[in-house]
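Worksheet: the structure to be examined is printed underneath.
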Amino acid sequence: MKENGLAPGSQNKLKNEVEKQNWKDILAASRDGLFIASIFGLFTGWIYAYFLYKELGLFLNSLELPVFLFFIYSYNVFSHWACLLFLLGIIIAYLTLFQYLPHLTPLLFILTFFPLFWMAKNDAIKDALNARAGNAGLKYVQIKFNTNFISKLDANLILANEVEQFLFLMETEKSVMVLKQNPPKNGVLSTGWIYSISKDNIAFIKTTLN
């Protein structure tokens with residue numbers, strides 16, 4: 001018996017084809033969504049890292065950071081409620097425009113970068129100041145230098161290391177970076193120093209856990 005002019009076998013075949021197409025559409029939308037999210041994540045993480053290390057007196061291109069680290073840095077921005085609400089609004093706007101005004105979705109894509117830039121920059125500057133103020137959870141470290149390198153060190157650097165005044169910032173493939181920050185004066189941050197020490201000159205590093 002036929003329904004709507006189609007035999008039962010043809011109906012099942014048509015139904016299967018529709019279901020396959022729906023799954024293809026879902027997978028394609030998921031792929032596109034992940035691609036767009038990765039672009040935003042990479043951009044946000046790069047901007048955050050750039051201004052974070054700029055505030056600490058470091059040049060991003062000299063740090064040789066792996067690409068995956070920018071996605072980790074982006075979490076520092078995306079984890080805030082304001083950013084989460086913004087992203088939720090962007091997702092809703094994308095879905096609405098894609099359905100009713102698809103030609104405007106590229107414009108929304110471009111405009112999204114501006115607030116992400118602003119949020120990443122502000123968070124990076126705030127986190128850099130917190131690091132210098134000792135409010136970023138950084139650990140104090142003491143470095144055991146190789147014997148043939150100690151004679152080349154400044155006396156103030158040796159003293160700071162002996163009393164464990166170095167805050168561990170980061171480690172690259174070839175060096176370790178630490179922060180020596182003088183106590184604030186009248187609530188204002190005073191002079192701080194960043195030391196980039198080659199791993200070739202380090203025997204080991206002792207970390208102080210509070």
Side-chain angles (χ1 to χ4, degrees), residues 41-83 113 115-210:
L42 182 62
F43 171 81
T44 304
W46 191 93
I47 295 297
Y48 176 90
Y50 174 82
F51 283 101
L52 175 70
Y53 291 111
K54 180 183 178 182
E55 287 297 309
L56 295 174
L58 299 171
F59 295 101
L60 188 60
N61 61 349
S62 68
L63 299 179
E64 300 177 356
L65 300 179
V67 174
F68 76 86
L69 199 57
F70 294 126
F71 291 101
I72 296 176
Y73 280 135
S74 70
Y75 174 78
N76 294 327
V77 182
F78 293 147
S79 61
H80 295 166
W81 281 108
C83 190
F113 286 100
L116 287 178
F117 177 93
W118 178 80
M119 286 185 285
K121 177 183 177 181
N122 285 352
D123 286 344
I125 293 174
K126 180 180 67 176
D127 289 346
L129 293 176
N130 284 335
R132 293 185 60 191
N135 300 323
L138 300 178
K139 299 298 181 182
Y140 284 97
V141 296
Q142 187 177 44
I143 301 172
K144 175 62 176 178
F145 296 105
N146 291 331
T147 305
N148 59 352
F149 182 67
I150 295 179
S151 60
K152 303 177 183 179
L153 297 177
D154 178 82
N156 292 327
L157 189 149
I158 295 175
L159 178 61
N161 185 52
E162 288 178 350
V163 296
E164 299 186 25
Q165 291 183 337
F166 286 145
L167 286 167
F168 182 84
L169 280 181
M170 68 172 300
E171 177 182 357
T172 67
E173 183 179 352
K174 299 180 181 179
S175 64
V176 169
M177 296 189 179
V178 293
L179 164 67
K180 166 65 171 66
Q181 176 66 54
N182 284 336
K185 297 179 180 179
N186 300 322
V188 180
L189 283 173
S190 55
T191 306
W193 295 269
I194 302 291
Y195 293 97
S196 178
I197 306 169
S198 173
K199 290 182 178 179
D200 295 335
N201 300 318
I202 299 175
F204 63 85
I205 298 176
K206 184 181 76 174
T207 303
T208 300
L209 301 177
N210 299 323

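Along the sequence shown, residues are numbered consecutively beginning with 1.
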[atom1]-[atom2] distance between [X] and [Y], expressed to the nearest 0.5 angstrom:
| X | Y | atom1 | atom2 | answer |
| --- | --- | --- | --- | --- |
| L138 | N130 | CG | CG | 9.5 Å |
| Y50 | N61 | OH | CG | 9.0 Å |
| N201 | I150 | CG | CD1 | 10.5 Å |
| I205 | I197 | CD1 | CD1 | 7.5 Å |
| D127 | N122 | CG | CG | 10.5 Å |
| K139 | F168 | NZ | CZ | 12.5 Å |

Looking only at heavy atoms, which two atoms of [X] and [Y] are closest? And how far apart?
| X | Y | answer |
| --- | --- | --- |
| A124 | F51 | CB-CB, 3.8 Å |
| C83 | F78 | SG-CD2, 3.3 Å |
| L169 | I194 | CD1-CD1, 3.3 Å |
| N148 | S151 | O-OG, 3.9 Å |
| M177 | S196 | CE-OG, 3.7 Å |
| L65 | M170 | CD2-CE, 3.1 Å |

Exercise. Given the rule in the side-chain contact (heavy atoms from CB on, under 4.5 Å) test, do D123 and N76 qualify, once you have shown the distances and angles that lead to the verdict?
Worked result: CA-CA 8 Å; D123 286 344; N76 294 327; 5.9 Å; no
Using 30° and 60° as the class boundaries, would you call the ring planes of [X] and [Y] parallel, tilted or perpendicular?
| X | Y | answer |
| --- | --- | --- |
| F149 | F145 | tilted |
| F117 | F43 | tilted |
| Y73 | Y53 | perpendicular |

For this session: State whether K199 and E171 are salt-bridged, where the test is any N-O pair (Lys NZ or Arg NE/NH1/NH2 against Asp/Glu carboxylate O) under 4.0 Å.
Result: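 A salt bridge is present here (some side-chain N lies under 4.0 Å from a carboxylate O).
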Please indicate whether [X] has more than 12 foreign heavy atoms, meaning atoms of other residues, nucleotides or ligands, lying under 6.0 Å from its [atom1].
| X | atom1 | answer |
| --- | --- | --- |
| K180 | NZ | yes |
| W118 | CH2 | no |
| Y75 | OH | no |

For this session: Let me see the working for L179 and W193 under side-chain contact (heavy atoms from CB on, under 4.5 Å), right down to the final yes or no.
Result: CA-CA 6 Å; L179 164 67; W193 295 269; over 6 Å; no
For this session: Decide side-chain contact (heavy atoms from CB on, under 4.5 Å) for L60 and F70; before the verdict, give the C-alpha distance in whole Å, the side-chain angles of both, and the deciding distance to 0.1 Å.
Result: CA-CA 11 Å; L60 188 60; F70 294 126; 4.3 Å; yes
Problem set entry | Side-chain (Q142) to main-chain (E162) donor-acceptor, under 3.5 angstrom |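 Answer holds: yes.
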Problem set entry | M119/I47 under side-chain contact (heavy atoms from CB on, under 4.5 Å): CA gap, chis, key distance, verdict | CA-CA 9 Å; M119 286 185 285; I47 295 297; over 6 Å; no
